[in-house]
Amino acid sequence: MIEIEETALPGVLIITPPRHADDRGFFSESWNRQSLSKAGIELPDFVQDNHCLSHQSGTLRGLHYQAPPHAQGKLVRCGRGRVYDVAVDVREGSPTYGQRIGEELSFENGRQLWIPAGFLHGFVTREPDTEVIYKCTAHYDCASDGAVCWDSLGIDWGIAEPVLSEKDRAAPAFADWKTPFIYEGHT
Ligand SMILES: Cc1cn([C@H]2C[C@H](O)[C@@H](COP(=O)(O)OP(=O)(O)O[C@H]3O[C@H](C)C(=O)[C@H](O)[C@H]3O)O2)c(=O)[nH]c1=O
């Protein structure tokens, strides 16, 4: 049976599909709409699947978003290695605006994080050669792609000097950033 856990942020869920182990290893349905429906969860349709590899432990990608109308919901999992994955509610008017959760996703634990549109997303790797695979509810739109400084929300990433892209190094602080998202009720 697929496991669903709520988090402190309404709408953000931890989803753990079952693994069918045998002496070869395991088989798991990493995405099955019907299984989620039977568990009472209906997610939007996904249109893009992403796969990224980070060579160094301590690589931090985030905090990212795509502005409406290209806002993305994401279903994030770790195909190899381990990450600390963070979602921040940035929907203006949300009762949990500015609040965040962080979860450890790993190949070992098989946990997936569902992050609706309207949240910043980022992760820091905890092992070398970590691969993160995630489904998105909207296509990539470069012009709508944005970032907020990883270190401007008091998040404890467990590392003082992560490996960052130039984009992330130059990202504005949360206090200087205007969210493009409006809260439209419980996700
Ligand atoms: C996101 C994306 C990027 N690209 C191209 C653009 C660049 O040439 C290259 C690397 O892009 P970027 O540096 O934005 O990749 P990340 O730093 O991993 O960004 C992602 O990291 C965090 C964790 C996210 O949740 C977002 O999906 C995304 O912002 O891939 C594409 O072709 N398609 C895409 O969907």
Side-chain angles (χ1 to χ4, degrees), residues 7 9 11-15 30-31 43-91 94 98-107 109-153 155-159 161-174 176-181 187:
T7 68
L9 290 182
V12 180
L13 301 172
I14 299 167
I15 298 170
S30 47
W31 162 249
L43 297 186
D45 289 335
F46 295 109
V47 296
Q48 182 174 314
D49 205 55
N50 296 335
H51 182 177
C52 77
L53 166 66
S54 302
H55 288 305
Q56 289 177 271
S57 184
T59 298
L60 195 153
R61 297 173 186 253
L63 292 158
H64 298 162
Y65 66 95
Q66 280 196 173
H70 304 283
Q72 294 173 315
K74 296 168 190 165
L75 181 61
V76 187
R77 65 189 178 98
C78 186
R80 178 171 48 149
R82 191 157 51 97
V83 297
Y84 180 66
D85 202 273
V86 172
V88 186
D89 184 357
V90 288
R91 298 166 298 173
S94 168
Q99 293 182 30
R100 70 278 185 156
I101 57 106
E103 290 295 337
E104 184 165 285
L105 309 179
S106 69
F107 166 73
N109 70 23
R111 300 170 99 207
Q112 304 181 7
L113 195 60
W114 163 245
I115 305 168
F119 289 71
L120 300 177
H121 176 235
F123 61 80
V124 65
T125 61
R126 294 266 195 259
E127 291 177 12
D129 292 326
T130 284
E131 297 185 53
V132 174
I133 298 156
Y134 53 105
K135 296 182 177 310
C136 299
T137 60
H139 292 105
Y140 176 59
D141 180 84
C142 185
S144 312
D145 191 48
V148 170
C149 177
W150 64 282
D151 196 22
S152 64
L153 282 114
I155 296 166
D156 180 5
W157 295 95
I159 184 168
E161 294 186 11
V163 175
L164 295 166
S165 66
E166 277 314 307
K167 174 180 86 172
D168 290 347
R169 214 179 295 283
F174 184 65
D176 304 329
W177 174 73
K178 173 90 177 79
T179 182
F181 301 102
T187 40

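No hydrogens, no waters, no symmetry mates; every other heavy atom, side chains included, goes into these values. Start at 1 and go down the list; that is how both ligands and their atoms are numbered. Position 1 is the first residue of the sequence, and the numbers go up from there.
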Heavy atom under 4.0 Å from ligand 1: found in H64's side chain, backbone, both, or neither?
side chain
Quick check on Q48 - does any of its heavy atoms sit under 4.0 Å from an atom of ligand 1?
yes
Distance flag for atom 23 (C) of ligand 1, protein heavy atom under 4.0 Å
yes
Exam field: side chain S57 to backbone R126, donor-acceptor pair closer than 3.5 Å
yes
Distance below 4.0 Å between atom 9 (C) of ligand 1 and any protein heavy atom?
no
Protein residue, atom and distance nearest to atom 12 (P) of ligand 1, heavy-atom basis:
K167 NZ, 4.0 Å
T130 side chain vs R82 backbone, donor-acceptor pair below 3.5 Å:
yes
Salt bridge D145-K167, side-chain N to carboxylate O under 4.0 Å
yes
Look up atom OH in Y134 and atom CZ in F46, then write down how far apart they are to the nearest 0.5 Å.
13.0 Å
For a quick test of reading the model, state the closest non-hydrogen atom pair linking L60 to D168 and the distance between them.
O-OD2, 3.8 Å
Enumerate the atoms of ligand 1 whose separation from the nearest heavy atom of K74 is less than 4.0 angstrom.
24 (C), 25 (O), 26 (C), 27 (O)
Does the protein place a non-hydrogen atom closer than 4.0 angstrom to atom 30 (O) of ligand 1?
no
Distance flag for atom 6 (C) of ligand 1, protein heavy atom under 4.0 Å
yes
Proximal atoms of ligand 1 relative to F123 (non-hydrogen, under 4.0 Å)
23 (C)
Give a yes or no on whether atom 18 (O) of ligand 1 lies under 4.0 Å from any heavy atom of the protein.
yes
What is the closest protein heavy atom to atom 15 (O) of ligand 1, and at what distance does it sit?
R61 NH1, 4.2 Å
Flag yes if more than 12 heavy atoms outside Q48 fall under 6.0 Å of its CD atom; otherwise flag no.
yes
Tell me, which protein residue and heavy-atom name are nearest atom 27 (O) of ligand 1, and how many Å apart are they?
Y134 OH, 2.7 Å
Gap between atom SG of C136 and atom NE2 of H70 - 0.5 Å precision:
13.5 Å
Using a 3.5 Å distance criterion without hydrogens, assess whether the side chain of W157 forms a donor-acceptor pair with backbone atoms of W150.
yes
